[in-house]
Q: 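Let me give you the structure first, and then I'll get to my questions.
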Amino acid sequence: MKNIIKRPFMILSDFMAIYQFMIDIYEKDWRNGVPAPFFEYALSSDWSDKTMSHRNMIWEADGMIVGFCFYESQLGKAFFSLRSGYEEIASEMIEHAAKALIDKDGNLKLIIFKGQDAVAEAAIDAGFEKTDEYVDMIFDFNKQLDYKLPKGFSFVEPHKYDMAKVLICCWKGFDHEKEGPWDENLDCGYHLYYSPHATPQYDVAIQNEDGDYVCWAGMWWTPQNHLAYMEPLCTVPEYRKKGLAAAALSEMYRRMKPLGATHMTGGSNSFYSKIGYEPMITWTYWSK
């Protein structure tokens with residue numbers, strides 16, 4: 001018999017073990033749950049509420065992590081990482097999410113990836129129904145990604161990034177200007193930069209002739225999984241539709257392929273399919 005116990009996630013002592021667990025169970029289509037950089041990026045970001053992380057739950061079999069139920073940024077959305085061969089705990093994971101990961105208004109969405117069949121079946125048994133889905137794409141490095149940088153722009157030399165310029169680019173690139181001016185808080189950038197498994201040496205910044213950053217692409221190289229985990233990608237609004245994002249991802253491809261990367265993450269919009277990305281990761285959303 002399997003000796004499986006569950007216990008609360010302790011952020012200061014469990015993070016590295018959870019990271020390794022996510023490395024161990026990784027599949028390209030996320031059928032066992034999210035890749036390791038997904039969770040680390042959230043914990044390192046200022047938009048994620050860490051105060052409720054004790055509500056995340058770990059399942060262990062003889063000291064080996066076999067399951068993890070958690071929220072990414074805020075209570076109200078639950079994710080599931082489950083080691084193959086331990087599908088019997090899926091119902092416990094759903095039960096835990098329904099009790100501990102609801103938001104202050106009692107709402108909860110389950111995020112279950114295509115291939116997480118045991119989790120989906122447990123969700124149905126608990127009264128949840130699938131309400132929505134979308135498909136993320138990946139770029140297979142068996143193909144070539146080679147979009148040229150337009151005239152008047154240049155890549156910033158790695159290791160020489162100006163954090164203020166990076167954050168201003170992201171503030172504008174994610175359309176936050178309508179919320180007000182950037183608050184000049186550099187600390188949020190350094191939290192990501194100094195995250196334990198961060199690989200900022202592979203980030204890509206594109207600048208205009210005045211030295212302003214106008215496109216930014218972050219890279220979390222995960223060699224154990226041959227995964228080039230790209231997060232985030234943005235372009236300042238007035239510089240969109242010029243080919244900068246395609247050029248940034250092409251530069252990432254050139255940097256990562258020699259290291260052994262076999263694929264790179266992207267997103268769900270048509271931009272990715274136009275430059276050669278292929279559908280791979282299906283997110284499904286479940287509610288009561």
Q: Could you measure the distance from the CZ atom of F38 to the OG1 atom of T222? Nearest 0.5 Å is fine.
A: 13.5 Å
Q: When you compare the side chain of E92 with that of K6, does any pair of heavy atoms fall below 4.5 Å?
A: yes
Q: Heavy-atom count check: over 12 atoms from other residues, nucleotides or ligands less than 6.0 Å from K114 NZ?
A: no
Q: Do P8 and N56 touch side chain to side chain, with heavy atoms closer than 4.5 Å?
A: no
Q: More than 12 heavy atoms of other residues, nucleotides or ligands under 6.0 Å from NZ of K50: is that the case?
A: yes
Q: First locate atom CH2 of W171, then atom NE2 of H176, and finally report the distance between them rounded to the nearest 0.5 Å.
A: 6.0 Å
Q: L192 and Y19: same hydrophobic cluster, using ILVMFWY side-chain contacts below 4.5 Å?
A: yes
Q: Keeping the roles fixed (side chain from N225, backbone from L227), state whether a donor-acceptor pair exists under 3.5 Å.
A: no
Q: What about L233 and L167, same hydrophobic cluster or not, with Ile/Leu/Val/Met/Phe/Trp/Tyr joined at side-chain heavy-atom distances under 4.5 Å?
A: no
Q: Applying the 4.5 Å side-chain criterion to the ILVMFWY set and letting contacts propagate, would V204 and V156 be lumped into a single cluster?
A: no
Q: Tell me whether the rings of Y272 and Y277 are parallel (<30°), tilted (30 to 60°) or perpendicular (>60°).
A: perpendicular
Q: Tell me if the centroids of the rings in W30 and F79 come within less than 6.0 Å of each other.
A: no
Q: Could you tell me the separation between the CG atom of L149 and the SG atom of C215, rounded to the nearest 0.5 Å?
A: 9.0 Å
Q: Counting distance only, does the side-chain N/O of S250 pair as donor-acceptor with the main-chain N or O of Y147 below 3.5 Å?
A: yes
Q: Give me the atom names and distance for the closest heavy-atom approach of F113 to G33.
A: CD1-CA, 4.4 Å
Q: Donor-acceptor pair, distance only, cut-off 3.5 Å: does the side chain of D203 make one with the backbone of M219?
A: yes
Q: Below 4.5 Å, heavy atoms only, C-beta onward: do Q116 and N32 meet side chain to side chain?
A: no
Q: Looking at CE of M137 and OG of S268, how far apart are the two atoms once the value is rounded to the nearest 0.5 Å?
A: 6.5 Å
Q: Could you walk me through whether K77 and E72 pass the side chain to side chain contact (heavy atoms under 4.5 Å, CB included) test, one step at a time?
A: CA-CA 7 Å; K77 292 183 180 180; E72 178 196 14; over 6 Å; no
Q: What about F174 and Y193, same hydrophobic cluster or not, with Ile/Leu/Val/Met/Phe/Trp/Tyr joined at side-chain heavy-atom distances under 4.5 Å?
A: no
Q: Determine which pairs satisfy ring-ring contact (aromatic ring centres under 6.0 Å, His included) with at least one residue from residues 224-249, sequence neighbours left out, and list them in order.
A: F153-Y239
Q: Hey, are R7 and E60 close enough for a salt bridge, meaning a charged N less than 4.0 Å from a carboxylate O?
A: yes
Q: Should V236 and C169 count as side-chain neighbours, where that means a heavy-atom distance under 4.5 Å?
A: yes
Q: Side chain to side chain contact (heavy atoms under 4.5 Å, CB included) between R83 and D24: does it pass, once the steps are laid out?
A: CA-CA 9 Å; R83 190 184 295 272; D24 293 343; 4.1 Å; yes
Q: Ring-plane angle category for Y134 and W283, please: parallel below 30°, perpendicular beyond 60°, tilted otherwise.
A: parallel
Q: I need the minimum non-hydrogen distance between W216 and C170, along with the two atoms involved.
A: CD1-SG, 3.7 Å
Q: Could you check whether S73 and S48, counting side-chain N and O atoms only, form a donor-acceptor pair closer than 3.5 Å?
A: no
Q: Below 4.5 Å, heavy atoms only, C-beta onward: do F9 and S53 meet side chain to side chain?
A: yes
Q: Are any side-chain N or O atoms of E87 and backbone N or O atoms of G85, one a donor and one an acceptor, separated by less than 3.5 Å?
A: yes
Q: Evaluate whether atom CD of E238 has more than 12 neighbouring non-hydrogen atoms of other residues, nucleotides or ligands under 6.0 angstrom away.
A: yes
Q: Can you tell whether the side chains of K148 and D146 come within less than 4.0 Å, N to carboxylate O?
A: yes
Q: Given 3.5 Å as the limit, does a donor-acceptor pair link the side chain of H159 with the main chain of P200, or not?
A: no
Q: Without hydrogens or angle criteria, can the side chains of D140 and N142 be said to hold a donor-acceptor pair below 3.5 Å?
A: yes
Q: What's the separation between atom CD in E278 and atom CG in D136, rounded to the nearest 0.5 Å?
A: 14.0 Å
Q: Run the numbers on E133 and T282 for side chain to side chain donor-acceptor pair (under 3.5 Å), then give the verdict.
A: CA-CA 7 Å; E133 71 175 43; T282 302; 5.6 Å; no
Q: What is the minimum heavy-atom distance between A228 and A261, and which atoms define it?
A: CB-CB, 4.2 Å
Q: Aromatic rings F139 and Y253: how do their planes relate, parallel, tilted or perpendicular, breaks at 30° and 60°?
A: perpendicular
Q: Fit a plane to each ring of H197 and F15, take the angle between them on a 0 to 90° scale, and name the class: parallel (under 30°), tilted (30 to 60°) or perpendicular (over 60°).
A: tilted
Q: Show, in sequence, the C-alpha distance, side-chain angles and deciding distance for I25 and S81, and conclude whether the side chain to side chain contact (heavy atoms under 4.5 Å, CB included) test is met.
A: CA-CA 8 Å; I25 68 170; S81 294; 3.9 Å; yes
Q: According to a 4.5 Å side-chain heavy-atom criterion applied to Ile, Leu, Val, Met, Phe, Trp and Tyr, with indirect links allowed, do I281 and V34 form part of one hydrophobic cluster?
A: yes
Q: Give a yes or no on this: more than 12 heavy atoms of other residues, nucleotides or ligands lie within 6.0 Å of atom NZ of K28.
A: yes
Q: Looking only at heavy atoms, which two atoms of A246 and F271 are closest? And how far apart?
A: N-CZ, 3.8 Å
Q: Are any of the side-chain heavy atoms of L145 and M264 separated by less than 4.5 Å?
A: yes
Q: If you link I, L, V, M, F, W and Y whenever their side-chain heavy atoms are under 4.5 Å apart, who else ends up in the same group as L82?
A: I4, M52, M57, W59, M64, V66, Y71, L75, F80, Y86, I89, M93, I94, L101, I102, L108, L110, I112, V119, I124, F128, W286
Q: Begin from the C-alpha positions of F39 and F68 and carry the test ring-ring contact (aromatic ring centres under 6.0 Å, His included) through to its verdict.
A: CA-CA 11 Å; F39 188 57; F68 185 44; 5.4 Å; yes
Q: May I ask you to check whether over 12 heavy atoms, not counting those of E179, lie within 6.0 Å of atom CD?
A: yes
Q: Measure across C69 and H96 and return the closest heavy-atom pair with its distance rounded to 0.1 Å.
A: SG-CD2, 3.9 Å
Q: Can you tell me if D162 uses its side chain to pair, donor with acceptor, with the backbone of A164 under 3.5 Å?
A: yes
Q: Does any non-hydrogen side-chain atom of P232 lie less than 4.5 Å from one of Y41?
A: yes
Q: Can you confirm whether P181 sits close enough to E184 that some side-chain heavy atom of one is under 4.5 Å from a side-chain heavy atom of the other?
A: no
Q: Looking only at side chains, do S195 and E40 share a donor and an acceptor under 3.5 Å apart?
A: yes
Q: Pair M252, M230 - check side chain to side chain contact (heavy atoms under 4.5 Å, CB included), show working.
A: CA-CA 9 Å; M252 277 191 164; M230 188 276 296; 3.7 Å; yes
Q: Considering non-hydrogen atoms only, spot the tightest contact between A90 and A118 and give its length.
A: CB-O, 3.6 Å
Q: Rounded to the nearest 0.5 Å, how far does NZ of K172 lie from CG of D212?
A: 6.5 Å
